[in-house]
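Taking it in order: structure first as structure tokens, then the write-up.
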Amino acid sequence: MLNKKVADLLNDQINKELYSAYLYLDMSNYFERRGLNGFANWYMIQAQEERDHAMLFYRYMQNNDCPVTLGAIAKPDKVFKKDMDVLKAGLEHEEYVTASIHTIYDAANKVKDFRTMQFLDWFVKEQGEEETNARDMISKMELFGSDARSLYMLNQELAARVYSTPSLVLD
């Protein structure tokens, strides 16, 4: 059985991951309305990844005989007026999720829960990649977003992104 504080934080992370999926779905919706289907695709895939992350936390808790309590998923409250607002909100959210993962890792470390720390190692690496991707999107938009042709090419690049399931193996 997991330490109660660690289990509570893991359980809360399920809700945070599901909220992340909801937020990215909202961002995808924003870009669909703008006619930027490549950006919409990119955020739709982000939503799929976040749902899978939630299920990884869920399965980890189940595999460790910890009850899961699902909470309500809040409605995304961001209002986007321009494309850059979405991209910056995405980075801000990834930084929030990274901090949350680090909090769980720290709690697991304090009670010498090495199995949970090992489980979280993948998420720590994943969050580094997510923050890098979000920063890259902002940089590309700053460079190319004001030019219609360049924005079209960036949109095409993002439309080519495909989804692949996480390769994390749970015990």
Side-chain angles (χ1 to χ4, degrees), residues 2-3 5-32 36-78 80 86-109 113-138 155 157-171:
L2 297 174
N3 169 276
K5 180 178 180 179
V6 171
D8 288 346
L9 289 168
L10 288 166
N11 196 84
D12 289 345
Q13 192 64 31
I14 294 169
N15 187 271
K16 289 176 182 175
E17 298 292 339
L18 291 171
Y19 173 79
S20 297
Y22 219 45
L23 177 64
Y24 287 133
L25 191 61
D26 191 44
M27 291 174 172
S28 178
N29 187 44
Y30 167 87
F31 283 114
E32 280 290 342
L36 293 168
N37 64 330
F39 282 84
N41 175 63
W42 199 88
Y43 282 104
M44 182 63 72
I45 289 172
Q46 285 299 108
Q48 290 173 311
E49 284 185 2
E50 302 303 341
R51 285 189 302 267
D52 278 353
H53 294 172
M55 294 310 298
L56 290 169
F57 280 99
Y58 175 87
R59 180 55 48 209
Y60 181 77
M61 291 191 66
Q62 292 288 325
N63 289 348
N64 284 280
D65 200 28
C66 283
V68 173
T69 305
L70 299 175
I73 302 169
K75 177 183 176 192
D77 61 354
K78 301 278 186 193
F80 307 118
V86 179
L87 304 182
K88 287 182 177 178
L91 174 58
E92 179 183 302
H93 186 72
E94 289 301 338
E95 291 170 340
Y96 165 76
V97 172
T98 298
S100 181
I101 299 291
H102 289 175
T103 297
I104 303 168
Y105 200 101
D106 185 51
N109 187 39
D113 181 350
F114 302 113
R115 183 177 15 189
T116 298
M117 290 165 57
Q118 184 179 24
F119 168 72
L120 292 172
D121 283 342
W122 183 87
F123 288 96
V124 170
K125 181 177 181 275
E126 174 73 6
Q127 283 309 120
E129 291 171 8
E130 295 294 355
E131 287 184 24
T132 297
N133 289 340
R135 282 189 194 94
D136 287 350
M137 294 267 292
I138 291 169
N155 188 62
E157 175 187 322
L158 298 175
R161 184 181 185 202
V162 294
Y163 182 68
S164 60
T165 57
S167 59
L168 180 64
V169 177
L170 300 177
D171 56 12

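Worth knowing before you read on, the calculation uses all heavy atoms, side chains too, and leaves out hydrogens, waters and symmetry mates. These figures come from a predicted structure and were not determined experimentally.
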Pairwise distance [atom1]([X]) to [atom2]([Y]) - rounded to 0.5 angstrom:
{"X": "E131", "Y": "D136", "atom1": "CD", "atom2": "CG", "result": "12.0 Å"}
{"X": "I101", "Y": "E130", "atom1": "CD1", "atom2": "CD", "result": "11.0 Å"}
{"X": "I104", "Y": "N109", "atom1": "CD1", "atom2": "CG", "result": "13.5 Å"}
{"X": "I14", "Y": "M55", "atom1": "CD1", "atom2": "CE", "result": "8.0 Å"}
{"X": "L10", "Y": "N3", "atom1": "CG", "atom2": "CG", "result": "10.0 Å"}
{"X": "E126", "Y": "L120", "atom1": "CD", "atom2": "CG", "result": "13.0 Å"}

Closest contact, heavy atoms only, [X] versus [Y]:
{"X": "S20", "Y": "V97", "result": "OG-CG2, 3.8 Å"}
{"X": "Y105", "Y": "V124", "result": "CD1-CG2, 4.2 Å"}
{"X": "A89", "Y": "F80", "result": "CB-CE2, 3.8 Å"}
{"X": "L2", "Y": "A7", "result": "CB-CB, 4.2 Å"}
{"X": "L9", "Y": "T103", "result": "CD1-O, 4.1 Å"}
{"X": "G90", "Y": "Y24", "result": "O-OH, 3.6 Å"}

Problem set entry | Any donor-acceptor N/O pair, N15 side chain to G71 backbone, under 3.5 Å |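 The answer is yes, because a donor-acceptor pair under 3.5 Å joins these two groups.
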
Exercise. Can any side-chain N or O of R51 pair as donor or acceptor with the backbone N or O of A21 at less than 3.5 Å?
Worked result: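 No, because the side chain of R51 does not come within donor-acceptor range (under 3.5 Å) of the backbone of A21.
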
Is any side-chain heavy atom of [X] less than 4.5 Å from a side-chain heavy atom of [Y]?
{"X": "E50", "Y": "L18", "value": "no"}
{"X": "L158", "Y": "N41", "value": "no"}
{"X": "H53", "Y": "W122", "value": "yes"}
{"X": "R115", "Y": "N64", "value": "yes"}
{"X": "F123", "Y": "L56", "value": "yes"}

For this session: Mind running side-chain contact (heavy atoms from CB on, under 4.5 Å) on Y43 and L87 for me, showing each step along the way?
Result: CA-CA 10 Å; Y43 282 104; L87 304 182; 3.1 Å; yes

Exercise. Using a distance-only test with no angle check, is there a side-chain donor-acceptor pair under 3.5 angstrom linking E17 and Q13?
Worked result: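 There is such a pair between these side chains.
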
Exercise. Under 30°, 30 to 60°, or over 60°: which ring-plane class applies to F57 and F119, parallel, tilted or perpendicular?
Worked result: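 Judged by the thresholds at 30° and 60°, the geometry between F57 and F119 is perpendicular.
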
Exercise. Is it true that H93 and Y96 have ring centroids separated by less than 6.0 Å?
Worked result: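 That pair passes the under 6.0 Å test.
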
Problem set entry | K125/D121 under side-chain contact (heavy atoms from CB on, under 4.5 Å): CA gap, chis, key distance, verdict | CA-CA 6 Å; K125 181 177 181 275; D121 283 342; over 6 Å; no

For this session: Please name the residue in the list E32, M137, M27 that meets the side-chain contact (heavy atoms from CB on, under 4.5 Å) test with F39.
Result: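 The passing option is M137.
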
Exercise. Do any pairs count as a salt bridge (charged side-chain N to carboxylate O under 4.0 Å, His left out) and have a residue in residues 92-102, sequence neighbours left out, and if so which ones?
Worked result: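 Output for this query lists K78-E92, E95-R135.
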
